[in-house]
Amino acid sequence: MNNYKPIGNGFFEQPTLTLARNLLGCLLVKEMDEGIASGFIVETEAYCGPLDKAAHSFNNRRTKRTEVMFAEAGNVYTYLMHTHCLVNVVSGAVDTPEAVLIRAVEPYEGIDLMFERRGDTTMKNLTSGPGKLTKALGINMTDYGRRFDEPPIYIASGFTPNDISIGPRIGIPNSEEAKDYPWRFWVTGNAYVSR
DNA sequence: CAAGCGATCCTCT
DNA sequence: GAGGATCGCTTGA
């Protein structure tokens, strides 16, 4: 049942903004005892560490939570957002705290499993948000610090988006000028984009 | 120890 | 579809 191939580590070694764009269409896979759940990434946001007021790592703020952002590209950065868990791909060189937030995926494999985890909801609501997709795929804090290159969590190649849209990021109204940076990318017209 | 914070969900229209 | 209540961890004092 598992015939995905993790994407090479070299993939993560591109500039954060480029990586955010190239992650679109890739398959995000999580394997657990209950089975495999996967989905195509359709929405991402780039967070460029030191200069980005919206990033946890702004001004090189280094805490227990942001520690993994300073590690090498391809690491899994999960953080708890009040009630939800959000997942990021660490990018940039070591000591450069940058990351790409995965905001939405399109369900692919393990859809029954996702509904079990998400409860009674609609197909469109299953993974169309950063907190929803982590719950649907079973991603949680145990994945913090892992790498996106082998089970139980990894990224495989998927499809090539026909068209990509670019715009300002969501949910960071207190970040002054950083809130207008066009660092959000999504697959144009995809039904699972968060908004 | 208190406050702030964003995503989700619920209810109502 | 839109707006408001809720939820609980991290941070900084």
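Throughout, protein chains are lettered first and strands after them, A, B, ... in sequence-line order, and every chain is numbered starting at 1.
- The closest side-chain donor-acceptor pair between A/Thr66 and A/Ser57, if any, does not fall under 3.5 angstrom.
- Distances were taken from every side-chain heavy atom of A/Arg61 (C-beta onward) to each of C/dC9, B/dA7, C/dT11; the shortest belongs to C/dT11.
- In this structure, A/Met81 atom CE and C/dT6 atom P are separated by 17 Å, rounded to whole Å.
- The interatomic distance linking A/Asn125 (CG) with C/dG1 (P) rounds to 11 Å, in whole Å.
- When rounded to the nearest whole Å, the span between CZ of A/Phe58 and P of C/dT11 equals 16 Å.
- Picking from B/dT8, C/dT10, B/dA7 the nucleotide with the shortest atom distance to the side chain of A/Arg65 gives C/dT10.
- Both A/Thr121 and A/Thr83 sit near DNA chain B, but only A/Thr83 has its closest nucleotide nearer the 5' end.
- Rounded to whole Å, the distance from CG on A/Asp120 to P on B/dC9 is 11 Å.
- Residue contacts shown for A/Thr63 are limited to sugar-phosphate atoms, with no base heavy atom under 4.0 Å away.
- Atom NZ of A/Lys53 and atom C1' of B/dC5 are 18 Å apart (whole Å).
- Among the heavy atoms of the strands, none lies under 4.0 Å from A/Arg195.
- With C/dT10, C/dG12, B/dA7 as the choices, the nucleotide that has an atom nearest any side-chain atom of A/Arg103 turns out to be B/dA7.
- A cation-pi arrangement is not found for A/Arg169 relative to A/Phe185, the charged atom failing to lie both closer than 6.0 Å to the ring centre and inside a 45° cone about the ring normal.
- Looking at A/Asp95 and A/Arg62, a side-chain N of the basic residue comes within less than 4.0 Å of a carboxylate O on the acidic one, giving a salt bridge.
- Atom CZ in A/Arg118 sits roughly 14 Å away from atom C1' in B/dC10 (whole-Å rounding).
- A donor and an acceptor atom, one from each side chain of A/Tyr192 and A/Glu43, are nowhere located under 3.5 Å apart.
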**OP:** Verify side chain to side chain donor-acceptor pair (under 3.5 Å) between A/Asn125 and A/Arg118, making sure each step is shown before the conclusion.
**Re:** CA-CA 9 Å; A/Asn125 267 326; A/Arg118 292 273 295 127; 5.6 Å; no
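- Counting any heavy atom pair closer than 4.0 Å across all strands shown, A/Lys64 reaches no nucleic acid atom.
- Between the OH atom of A/Tyr77 and the P atom of C/dT10 there is a distance of 10 Å, given to the nearest Å.
- Taking atom CD1 of A/Ile102 as the reference point, atom P of B/dA7 lies 15 Å away to the nearest angstrom.
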